[in-house]
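Okay, so here's the structure we're looking at.
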There are 2 protein chains.
Amino acid sequence: MLDRALTLDELLCFALYSANNAMGRLYRPILARHGLTYPQYLVLVALWQRDEQKVNDLGAGLNLESNTLTPLLKRMETAGLLRRRRNPEDERSVIVSLSEQGRALEREAAEISRCILEASGDEVADLIELRTKIQELAGRLNRLV
Amino acid sequence: MLDRALTLDELLCFALYSANNAMGRLYRPILARHGLTYPQYLVLVALWQRDEQKVNDLGAGLNLESNTLTPLLKRMETAGLLRRRRNPEDERSVIVSLSEQGRALEREAAEISRCILEASGDEVADLIELRTKIQELAGRLNRLV
DNA sequence: TGCGATTTAATCGTGTGCGATTTATCTGCG
DNA sequence: CGCAGATAAATCGCACACGATTAAATCGCA
């Protein structure tokens with residue numbers, strides 16, 4: 001089956017790719033006003049949720065590894081958003097914690113997510129259902145890797 | 001409303017980001033066997049659908065601009081997947097066309113998309129509905145930019 | 001106790017995405 | 001005809017993602 005040619009519009013992967021790029025383009029100018037990039041914002045969300053996480057903990061939450069996180073966290077440290085220090089209990093790991101500046105941004109985050117929510121659609125229940133479906137998909141895909 | 005802290009799992013944007021990354025990780029080793037990256041594969045899908053497209057046409061289909069496409073297409077040309085030539089009718093534009101090698105990969109693409117389909121879920125109708133919802137979201141977001 | 005295996009970050013190279021700008025070509029209007 | 005404005009691609013710089021590898025610290029077992 002499915003011998004005929006594929007089209008972009010038939011590909012679930014392209015729908016995801018395109019929606020993710022579009023979301024990034026929407027967030028970028030809003031986040032730029034706070035000196036943030038999109039992945040940096042996600043790191044902050046993770047830290048607002050729970051401060052003092054090891055790099056691996058952040059990676060587990062974000063599905064990223066140190067090859068991506070280390071340089072990203074270094075840039076955020078340079079920007080004064082967080083601090084990185086070796087875990088005294090186990091010098092292999094590094095503990096990431098919010099700076100005052102990083103914590104302060106949380107108060108503006110509600111505003112940001114409201115902007116995005118409005119842009120995403122009008123029916124909140126539909127968005128939640130969509131989010132759940134996408135999370136399930138991500139879960140299935142991640143389980144294969 | 002929504003004064004309390006956000007969590008990653010509540011963010012539609014993170015669901016998208018995470019699912020898109022996971023999809024990329026799934027595709028990467030499969031595509032690597034054919035010497036392709038994920039965006040390069042999408043370019044090929046667009047060209048299989050319609051050969052001889054201008055850079056802007058590809059960009060309209062993929063929601064990308066020349067700053068992304070030009071280097072990507074140059075790498076694909078170097079790899080022998082396609083050819084780029086100035087439009088004789090209008091030397092401003094560049095026409096991208098498949099090489100024999102690029103065309104040949106289409107036959108293996110059905111195999112690739114079957115792999116991904118199996119990984120994505122078991123109920124095809126559900127996947128199609130999800131894809132449609134994501135496309136609608138992408139459409140709404142893109143319309144704002 | 002000692003030392004190989006494991007764990008954790010960091011490093012490196014490649015390929016995107018994209019805002020901003022530049023270069024080349026064409027169009028249309030006086 | 002000539003030239004300002006528009007259009008198309010290319011260029012540049014920066015920040016991801018990620019496979020592969022490395023370096024440092026800890027663990028576990030003989």
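Below, read A as the first sequence line, B as the second, and so on, with proteins coming before strands; counting in each chain starts at 1.
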Worksheet item: Which part of the nucleic acid does B/Asn21 contact within heavy-atom distance under 4.0 Å: base, sugar-phosphate only, or nothing?
Response: sugar-phosphate

Applying the 3.5 Å cut-off to both distances, the Watson-Crick or G-U partner of D/dA30 turns out to be C/dT1

Looking at A/Arg103 and A/Asp51, is there a salt bridge between them, counting it only when a charged N and a carboxylate O are closer than 4.0 Å?
yes

Lys/Arg-Asp/Glu bridge criterion (N-O < 4.0 Å) met for B/Lys74, B/Glu77: no

Point to revise | Distance below 4.0 Å between B/Arg75 side-chain N/O and C/dT16 OP1 or OP2 | key: yes

Quiz item: Just to confirm, is there a sub-4.0 Å distance from OP1 or OP2 of D/dC18 to any side-chain nitrogen or oxygen of B/Arg25?
Solution: yes

Using Watson-Crick geometry (N1-N3 plus N6-O4 or O6-N4) or G-U wobble (N1-O2, O6-N3), each under 3.5 Å, D/dA8 is paired with C/dT23

Atom CG of A/Leu141 and atom C1' of D/dA17 are separated, to the nearest Å, by 16 Å

- Thinking salt bridges, do A/Lys54 and A/Glu89 make one under a 4.0 Å N-O criterion? no

Pick out the pairs of N or O atoms, protein on one side and nucleotides 9-12 of chain C on the other, that lie under 3.5 Å.
residue : atom : partner : partner atom : Å
C/dA9   : OP1  : A/Val55 : N            : 3.2
C/dA9   : OP1  : A/Asn56 : N            : 3.4
C/dA9   : OP2  : A/Asn56 : N            : 3.1
C/dA9   : OP2  : A/Asn56 : OD1          : 2.6
C/dA9   : OP2  : A/Asn56 : ND2          : 3.2
C/dA10  : OP1  : A/Arg84 : NH2          : 2.6
C/dA10  : OP2  : A/Thr70 : OG1          : 2.7
C/dA10  : N7   : A/Ser66 : OG           : 2.8
C/dT11  : OP2  : A/Lys74 : NZ           : 2.5

Residue pair B/Met76/B/Glu91 against DNA chain C: nearer the 5' end by closest nucleotide is B/Met76

Assign each of A/Asp90 and B/Tyr17 the nucleotide of DNA chain D bearing its closest heavy atom; nearer the 5' end lies the nucleotide of B/Tyr17

Review point. Using a cut-off of 4.0 Å on non-hydrogen atoms, how would the nucleic acid contact of A/Glu65 be classed: base, sugar-phosphate, or nothing?
Key: nothing

Atom CG of B/Asn20 and atom P of D/dA17 are separated, to the nearest Å, by 9 Å

From CG of A/Leu36 across to C1' of C/dC18 the rounded distance in Å is 17 Å

Taken to the nearest whole Å, CD/A/Glu89 to P/C/dT8 is 15 Å

| message | Can you tell whether the side chains of A/Lys133 and A/Glu136 come within less than 4.0 Å, N to carboxylate O? | response | no

Against the side chain of A/Leu64, the closest entry in C/dG19, D/dT26, D/dC18 is D/dC18

Taken to the nearest whole Å, CG/B/Leu42 to P/C/dG15 is 17 Å

Does a side-chain heavy-atom distance below 4.5 Å link A/Leu82 with A/Ser99? no

Whole-Å distance, B/Arg85 CZ to D/dA8 C1', equals 16 Å

task = Tell me whether B/Trp48 is reachable from B/Ile95 by hopping between hydrophobic residues (I, L, V, M, F, W, Y) whose side-chain heavy atoms are closer than 4.5 Å.
result = no

In whole angstroms, the gap separating P of D/dG19 from CG of A/Asn63 amounts to 12 Å

B/Ile30 atom CD1 is separated from D/dG19 atom P, nearest whole Å, by 13 Å

Self-check item: No-hydrogen, no-angle side-chain donor-acceptor test under 3.5 Å, B/Asn63 and A/Arg25
Solution: no

